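Let me begin by presenting the structure, written as structure tokens, before commenting on it.
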Amino acid sequence: MSSIAGLAWFLWAERLVIAYVAAINTTYLVLMLLAYFDLRDESLRLSPQDRAALKHSPLLPAISVLAPAFNEAATIRDSVQAMLNLEYPNYEVVVINDGSRDDTLSILIDAFRLYKSARAVSRNLQTKPVNAVYESRDPIRLIVVDKQNGGKADALNAGMRVARSPLVAITDSDSLLETSALLLAAKPFLEDSTTLAAGGIIRVANGCDIDAGRVVRVRVPRSFLVASQVIEYLRAFLAGRMPFSFINSLIVISGAFGLFQREAVITAGGFDTRTVGEDMELIVRLHHLWSRKRIPYRIVFVPDPVCWTQVPERLKILRAQRNRWQRGAVESIGKHAGMLFNPHYGTLGLFGLPYFALLEILGPVLELLGYALTVIGLIFGIVSISTALLFFTASVAYGVALSISAVLLAEMTERRYPGIGNLFRLLTVAVLEHLWLHQLMIIWRTSGLIDGLRGKGGWGVMERKQFQPRKPRRTHAADVQY
Amino acid sequence: MGDTDAIEAVLKFATSQPLLLRALVAEDLRHVMTNCEPFLPELLCGDDSSVTTGTLDIITAWQKTLRIPRFEALLQSPTDHVRLRALRLAPYIHHGSEAFGHTVIAALFDSNREIRAAAAIASGSMGLAQSIPHLHSLLRVADERVSLNAAWALSRLGDNGMAVLEAEVLAGSSCAAFALEALERAQLGLELYDAA
């Protein structure tokens, strides 16, 4: 009798997982289609004429671009040079040297003729000690904050202490902003003064031709592992950002590029140095605080400011990154769990956060459970071949359909990968990705969830992302890397 | 005549729109700003404060010295947004009268910190030497933004202003860091970051 009950439970669990995977993927597909129609809405964009008119307007709020750097000697000069050539009427670049042990600081001092400046450091946030602030003798608005190592969140907070502009852009010193990125990201702040934060789209720079800190030719990376991340990023931004932005439930603005109201970030207490997902945690905290105080606000995703970033090229590094992202998500949701299913927080509490918790956090666990149940069921003859096929169809074929849709919708909206060869390659990778990498991802993310629940900290094994041939680099075991 | 009507219509429309549209229209109208001047007093003195602030934004975007009658009234407006924008524009307005300077100095005591900060910048930009004692008081307040702007303004007010800053640096007071920064920037001939 108990074996029959066990069998019934098994079959019930198997069907539940199949239904879950199908429901989640269908939701994902619907969200992506909604995003596609949003992307075609030209009113969301700035025309080239508007951009030309605005790039000299004195009415645009000043922006401080914060770029934390840790052991970036190989790329820092080009990266900073590129940041100094953005199209925006009034901005400054604040590089935060987070206790680098290589020549990052001396390269900056030599390349940009820096002098030790008397610029005052605010006491508005607590950070590791600031050793010195440097500014350039040249007519460029570059500030370099040299501080003791404390990790990315601490470095960003130190940047906030030195920044004076009403808006602050957060980026990595090894990411490349397109020249129009600041202007395009500032648009929601100009349209609505209640905008607290805006995020742009992150694209994969690996495989592209880079010249003097600029992406000059876009290509699909040769490596399958990297090319699959191109698709993953497209899928995430289409289905994970656009629709949620429209219902003011966006909870992720990538640390690679986001624009914030400086006062809002300071009021919220800055970036949390105790989490590995400081970018997501800040966004959730802003939602939390502003909703609780019942102050009108917006946190938005803007589809056209582009930031190019290097993604991991090795499985080991990718695994560490995904583990960290998952831990960051668990920490962010866990810290603000009171918002989940709470009508006080409107669509975010009732839909945005639960969706994220179920899809991004629990989703991989359930999918992994589905695979495990199917394999066990097949071995013991509990699950028929047709049921097993149904599960694989629901997870693999649906995933492939999603990836292909993401590629086609993204390319139909804005052609970034020229030539039929690039498109064919993307579509091929979209199919192959779901045959093994996706399965690895759900294992890594499940492991990240477990680590997050156990409170495991640290950034894991990281690799410096470089746009140029690598140079030997030494790190210190106690350093907080990012 | 038709063009003038069109300019008036565009100007009136833009003043009540979000900043993005105001910035775009300001750039479009830049080459005909003298044709816009006759309409400005009416837009600035209307009952709708959002139209007034929008108009002030457009004039600010032009960064052109204009003669605007009864500008002091805007500096004393009951609406914070109007006072703030009027102060940012004050250095561009033909004034000459002592009363104008007094009105700017009076804004150093405003209850709104943003307005105090903007008044400090205006006092420095307009070279209002009589504001030095008041700026010295603002330099010592706990509000970093106000203190920073007051330091910058003092650095623009000749030897007397510089002497105040030097005294604070020597005394090692809580505002010494801002005073030192202002002195260094004045010595290097650098502008204040984000003076708005």
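Below, chains carry the letters A, B, ... as their sequence lines are ordered, and counting in each starts from 1. All values derive from a computational prediction rather than experimental measurement.
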Can you tell me if A:Arg77 has over 12 outside heavy atoms packed within less than 6.0 Å of its CZ?
no
Which residues in residues 264-273 of chain A have any heavy atom closer than 4.5 Å to a heavy atom of chain B?
none
For B:Leu188, is it the side chain, the backbone, both, or neither that has a heavy atom closer than 4.5 Å to a heavy atom of chain A?
side chain
Tell me whether A:Asn248 contacts the main-chain N or O of A:Tyr297 through its side chain, where contact means a donor paired with an acceptor under 3.5 Å.
yes
Any donor-acceptor N/O pair, A:Ser47 side chain to A:Asp50 backbone, under 3.5 Å:
yes
Main-chain N/O of B:Ala61 paired with B:Arg30 side-chain donor or acceptor, under 3.5 Å
yes
Top contributor to chain A contacts, counting heavy-atom pairs under 4.5 Å, from B:Ile58, B:Leu19, B:Leu183
B:Leu19
Hey, is A:Lys128 close enough to A:Asp154 for a salt bridge, meaning N to O under 4.0 Å?
no
Would B:Glu27 and A:Lys55 pass as an ion pair if we require N to O under 4.0 Å?
no
In terms of heavy-atom proximity below 4.5 Å to chain B, should A:Tyr115 be classed as side chain, backbone, both, or neither?
side chain
Does the distance from a Lys or Arg side-chain N to an Asp or Glu carboxylate O, for B:Glu37 and B:Lys64, drop under 4.0 Å?
no
Would you please go through residues 154-178 of chain B and name the residues with a non-hydrogen atom below 4.5 Å from one of chain A, in numerical order?
B:Ser174, B:Ala177, B:Phe178
Taking B:Asp57 first and then B:Arg22, would you say they form a salt bridge - that is, a charged N and a carboxylate O separated by under 4.0 Å?
yes
Without hydrogens or angle criteria, can the side chains of A:Glu87 and A:Ser180 be said to hold a donor-acceptor pair below 3.5 Å?
no
Check ion pair B:Arg83-B:Glu72 (N to O, under 4.0 angstrom):
no
Taking A:Ser245 for the side chain and A:Phe301 for the main chain, is one N or O donor matched with an acceptor at less than 3.5 Å?
yes
Where does A:Ser117 contact chain B at under 4.5 Å (heavy atoms): side chain, backbone, both or neither?
both
Looking at A:Leu84, is its backbone amide N or carbonyl O close enough to the side chain of A:Tyr91 to form a donor-acceptor pair, meaning the two atoms are under 3.5 Å apart?
yes
Heavy-atom distance under 4.5 Å to chain B: side chain of A:Arg137, backbone, both or neither?
neither
